[in-house]
Amino acid sequence: MHTVSKVRLCDPLGDWRRTHHCAQLTSADAGHEVCLMGWIQFRRDHGGLIFIDLRDRRGLTQVVFNPEVDARAHERAHVLRPEYVLAMRGTVRLRPEGMRNPGLATGDIEVDVRDWKLLNTSSTPPFPIEDRVDVSESTRLEYRYLDLRRSRCTRNLVVRHTVTQAVRDFLINHDFLELETPMLTRSTPEGARDFLVPSRPNPGRFYALPQSPQLFKQLYMVAGLDRYYQIVRCFRDEDLRADRQPEFTQIDMELSFVDQDQVMDLAEQMIRYVFQKTLDVSLPDPFPRLTYDQAMADYGLDKPDIRFDLKLTDVTDLVRRSDFRLFSSAALVKALVLPGGADLSRGEIDQLTDFVRIYGAQGLAWIKIKSGEWQSPIAKFLSQEERDGLARGLSLNNDNIVFFQAGSPEVVNTALGYLRLELAQRRGFIDEARFQPVWITDFPLLEWDETEQRWFARHHPFTAPQEGHDELVVGQPGKALAKAYDLVLNGYEIGGGSVRIHTAELQRQMFSVLGLAQDEAASKFGFLLKALEYGAPPHAGIAFGLDRLVMLMTGATSIRDVIAFPKTQKASCLMTQAPAKVANLQLRELGLKLREQAKTSP
RNA sequence: GGGGCCGUAGUUAAGUUGGUUAUAACGCCGGCCUGUCACGUCGGAGGGCGCGGGUUCGAGUCCCGUCGGCCCCGCCA
């Protein structure tokens, strides 16, 4: 009954047509008749006079219900509530002197309502549609369509739109073709876990959703399409993070007859163009470059945040003959000097010790220099000669604190690399307004996996070795470098690519180093190997993570904030309740039977 | 698979060493109000503390389990 009466309140749109949006009217429009439509943001009902802020995605306009303008329009307006959908016709007028609102784009004017229609009512929303209201993320995700009504969310989606349009604009002007690739494809070994889709006409067989269009874009090159791009959804069934969703979007591109530098140069121009068009920000030209080895040496990570200095120093040689076993027996010893860090309390150092344990560190050695004195739990283990060597090698000064990690290169670099970021954050060394890209090049082609006792492609199995490294691939796989490159922005990997292997012979060799037997390679990648037999041109490409890029550009801290309908950390959608159980009949049609009963949600 | 933080009105939060009837703000409902703009003002309704066990004379507070959200390690070519 209640619902029925509300429906009766609503008016049909009829022949009313919107003439302006809610951020458009200015003093120049004074005197004009207009028709606005939107949602009621705030209602200020003075009894004799009612003010309403009308909202659409562009902004707010104040409309006034005044009995002296139209008694009937005013009389009916007491029922209006926040989020009701309103259409109004009226006259634009300058606000009375002293009543202007400089905080509003349309604050010089207001619209006197002569007639209005209620296009729809609204239940009381679970949270107010205002940026300043703090709401838990789970409530926001359950009512995502309301969250998206809030201007911060809307703005992020607009930035996303502007970025994709700039990308298209740039690439089309550089002779790229926007080409599609299948969403239902086949599962391939290596890489992330696939999302599988059962095939009904082929019981027991499965498609996989693409982790990326990698092979198809290479086949476009074989097909002679020459320059391909696509803004495309990719799927990886791995655990989530703030910057990882099970479905995410890549700006994917591939070019023929080019080498590494041409791809990097073009990609770099595109990113500069996107920042200029979207944020009016000029990025450096050219982007700085670091080799993988240099990045690991100086920053400990292959995605360094170079907005601040604080480099790591290798001190292995300085302590190689020390009596301090922790140092002398370690494969690698590195140090991180924090200027002015001698004021860190014991409690803070304990916190930092706990912090590096996350990355596998056993502990955190440190030395403070205060008034020329070394204060440290480990100083007593070091000879005068070693102290002098460290003081010189690290340029130690008063009020410094220096942290050490000793052990496997992997743990030492990771622990100090992330400690460097943590210290910079705590000390405010990072200019949050700055965008600092950096290319990382000369990655190792292959990495040895201890658990599986075999080589893995660091980038992917289709990446070409550097000139003259072909022999190494078989002889000393760990020594071969790849024609691969990552673009890192403010400590996030936002893109990566490589020159591809374009001869069947080298591709077969790569598969064999990776432990794929001839017949296995033939069955899983036969179509690629076959294609490479038919005149595949040299080609290379790159893909950017659109979500991460837009996250950084909007200052968001999670890609969920730039994805309209994201998943939670457990990969579920709080709005649709996906994933959900399906009927047994659906399973039977697919030839499937569940081994384990699904847990019932609360 | 593992570590950490968190679930209390619609929302955001407070809730003492376990102790009468669980607080507040905003929102919501009703009255008054012709220049407000997060209007003001007076009054009112609304939860039994994510869920399930246990300890206790007594549990939002303690214990166990479980579900859910967030951050991270592993994983993510």
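The figures that follow rest on heavy atoms only: side chains count, while hydrogens, waters and symmetry mates do not.
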Check: Listed by chain and number, what are the salt bridge (charged side-chain N to carboxylate O under 4.0 Å, His left out) partners of A:R454, not counting sequence neighbours?
Finding: A:E190, A:E452

Check: With sequence neighbours excluded, what pairs up with A:Q509 under the side-chain hydrogen bond (donor to acceptor under 3.5 Å, both in side chains) test?
Finding: none

Margin query: For residues 37-49 of chain A, which residue pairs pass the side chain to side chain donor-acceptor pair (under 3.5 Å) check, not counting sequence neighbours?
Written below: A:Q41-A:R55, A:R44-A:D53, A:R44-A:Q62, A:D45-A:H78

Note to self: Please enumerate all residues that pass ring-ring contact (aromatic ring centres under 6.0 Å, His included) together with A:F544, with sequence neighbours excluded.
What the structure shows: none

Note to self: Check this for me: does any side-chain nitrogen of one of A:D561 and A:R140 sit under 4.0 Å from a carboxylate oxygen of the other?
What the structure shows: yes

Margin query: Taking the C1' atom in each of B:G58 and B:G54, what is the distance between them to the nearest angstrom?
Written below: 15 Å

Notebook entry, point to check: Within the distance-only criterion (no hydrogens, no angle test), does the side chain of A:S212 pair as donor or acceptor with the backbone N or O of A:Q214 below 3.5 angstrom?
Noted result: yes

Note to self: How many whole angstroms separate atom CD of A:Q425 from atom P of B:C71?
What the structure shows: 15 Å

Checklist line | Watson-Crick/G-U partner (both atom distances under 3.5 Å) of B:G68 | finding: B:C6

Checklist line | Qualifying residues under side-chain hydrogen bond (donor to acceptor under 3.5 Å, both in side chains), relative to A:D56, sequence neighbours excluded | finding: none

When you compare the protein's N or O atoms with those of nucleotides 73-76 of chain B, which come within less than 3.5 Å of each other, and at what distance?
from: B:C73; atom 1: OP2; to: A:R241; atom 2: NE; distance (Å): 2.8
from: B:C73; atom 1: OP2; to: A:R241; atom 2: NH2; distance (Å): 3.3
from: B:G74; atom 1: N7; to: A:R241; atom 2: NH2; distance (Å): 2.8
from: B:G74; atom 1: O6; to: A:R241; atom 2: NH1; distance (Å): 2.9
from: B:G74; atom 1: O6; to: A:R241; atom 2: NH2; distance (Å): 3.4
from: B:G74; atom 1: N1; to: A:D239; atom 2: OD2; distance (Å): 2.6
from: B:G74; atom 1: N2; to: A:D239; atom 2: OD2; distance (Å): 3.1
from: B:C75; atom 1: O2'; to: A:E238; atom 2: OE1; distance (Å): 2.7
from: B:C75; atom 1: O2; to: A:R244; atom 2: NH2; distance (Å): 3.1
from: B:C75; atom 1: N3; to: A:R244; atom 2: NH1; distance (Å): 3.2
from: B:C75; atom 1: N3; to: A:R244; atom 2: NH2; distance (Å): 2.7
from: B:C75; atom 1: N4; to: A:R241; atom 2: NH2; distance (Å): 3.2
from: B:C75; atom 1: N4; to: A:R244; atom 2: NH1; distance (Å): 3.1
from: B:C76; atom 1: O2; to: A:R244; atom 2: NE; distance (Å): 3.2
from: B:C76; atom 1: O2; to: A:R244; atom 2: NH1; distance (Å): 3.0
from: B:C76; atom 1: N3; to: A:R244; atom 2: NH1; distance (Å): 3.1

Notebook entry, point to check: What is the distance from CD1 of A:I129 to C1' of B:C26, rounded to the nearest Å?
Noted result: 14 Å

Checklist line | Phosphate-side-chain proximity, A:T568 and B:G69, N/O vs OP1/OP2 below 4.0 Å | finding: yes

Notebook entry, point to check: Roughly how far apart, to the nearest Å, are B:U17 and B:U21 at atom C1'?
Noted result: 23 Å

Check: Which nucleotides of nucleotides 5-14 of chain B have their base under 4.0 Å from a protein heavy atom (B), which only their sugar-phosphate (S), and which neither (-), written as one string 5' to 3'?
Finding: -----SSS--

Between protein and nucleotides 30-40 of chain B, what N or O pairs are separated by less than 3.5 Å?
from: B:G30; atom 1: OP2; to: A:R81; atom 2: NH2; distance (Å): 3.2
from: B:C33; atom 1: N1; to: A:H46; atom 2: O; distance (Å): 3.4
from: B:C33; atom 1: N3; to: A:D45; atom 2: O; distance (Å): 2.9
from: B:C33; atom 1: N4; to: A:D45; atom 2: O; distance (Å): 3.2
from: B:U34; atom 1: OP2; to: A:H46; atom 2: O; distance (Å): 3.0
from: B:U34; atom 1: OP2; to: A:G48; atom 2: N; distance (Å): 2.7
from: B:U34; atom 1: N3; to: A:E68; atom 2: OE2; distance (Å): 3.3
from: B:U34; atom 1: O4; to: A:E68; atom 2: OE2; distance (Å): 2.8
from: B:G35; atom 1: N1; to: A:E110; atom 2: OE2; distance (Å): 2.8
from: B:G35; atom 1: N2; to: A:E110; atom 2: OE1; distance (Å): 2.5
from: B:G35; atom 1: N2; to: A:E110; atom 2: OE2; distance (Å): 3.1
from: B:U36; atom 1: O4'; to: A:H46; atom 2: NE2; distance (Å): 3.4
from: B:U36; atom 1: O2; to: A:R44; atom 2: NE; distance (Å): 2.6
from: B:U36; atom 1: O2; to: A:R44; atom 2: NH2; distance (Å): 3.4
from: B:U36; atom 1: O2; to: A:Q62; atom 2: OE1; distance (Å): 3.4
from: B:U36; atom 1: N3; to: A:Q62; atom 2: OE1; distance (Å): 2.9
from: B:U36; atom 1: N3; to: A:Q62; atom 2: NE2; distance (Å): 3.0
from: B:U36; atom 1: O4; to: A:Q62; atom 2: NE2; distance (Å): 2.8
from: B:U36; atom 1: O4; to: A:R95; atom 2: NH1; distance (Å): 3.4
from: B:C37; atom 1: O4'; to: A:R44; atom 2: NE; distance (Å): 2.9
from: B:C37; atom 1: O2'; to: A:R44; atom 2: NH1; distance (Å): 3.4
from: B:C37; atom 1: O2; to: A:Q62; atom 2: OE1; distance (Å): 3.3
from: B:C37; atom 1: O2; to: A:N101; atom 2: ND2; distance (Å): 3.2
from: B:C37; atom 1: N3; to: A:R95; atom 2: NH1; distance (Å): 2.7
from: B:C37; atom 1: N4; to: A:R95; atom 2: NH1; distance (Å): 3.4
from: B:C37; atom 1: N4; to: A:M99; atom 2: O; distance (Å): 2.5
from: B:A38; atom 1: O4'; to: A:R132; atom 2: NH2; distance (Å): 3.1
from: B:A38; atom 1: N1; to: A:R132; atom 2: NH1; distance (Å): 3.0
from: B:A38; atom 1: N3; to: A:R132; atom 2: NH1; distance (Å): 2.7
from: B:A38; atom 1: N3; to: A:R132; atom 2: NH2; distance (Å): 3.0
from: B:C39; atom 1: OP2; to: A:R44; atom 2: NH1; distance (Å): 3.0
from: B:C39; atom 1: N4; to: A:D45; atom 2: O; distance (Å): 2.7

Notebook entry, point to check: With A:E130, which residues qualify under salt bridge (charged side-chain N to carboxylate O under 4.0 Å, His left out), at least two apart?
Noted result: A:R132

Checklist line | Torsion-based syn/anti label for B:G74, 90° from 0 as limit | finding: anti

Checklist line | With sequence neighbours excluded, residues passing salt bridge (charged side-chain N to carboxylate O under 4.0 Å, His left out) with A:D305 | finding: A:R307

Item checked: C1' gap between B:G68 and B:C26, integer Å -> 25 Å

Next item on the list: Searching all strands shown, indicate the nucleotide that pairs with B:U12 (Watson-Crick or G-U wobble; both distances under 3.5 Å).
Entry: B:A24

Margin query: Test of understanding: with salt bridge (charged side-chain N to carboxylate O under 4.0 Å, His left out), list the residues that count as partners of A:E410, not counting sequence neighbours.
Written below: none

If you look only at distance, which donor and acceptor atoms sit under 3.5 Å apart when one is on a side chain in residues 352-362 of chain A and the other is two or more places apart or in another chain?
from: A:T353; atom 1: OG1; to: A:I349; atom 2: O; distance (Å): 2.8
from: A:R357; atom 1: NH1; to: A:Q362; atom 2: O; distance (Å): 2.6

Next item on the list: Could you give the distance separating B:G10 and B:C28 at their C1' atoms, to the nearest angstrom?
Entry: 8 Å

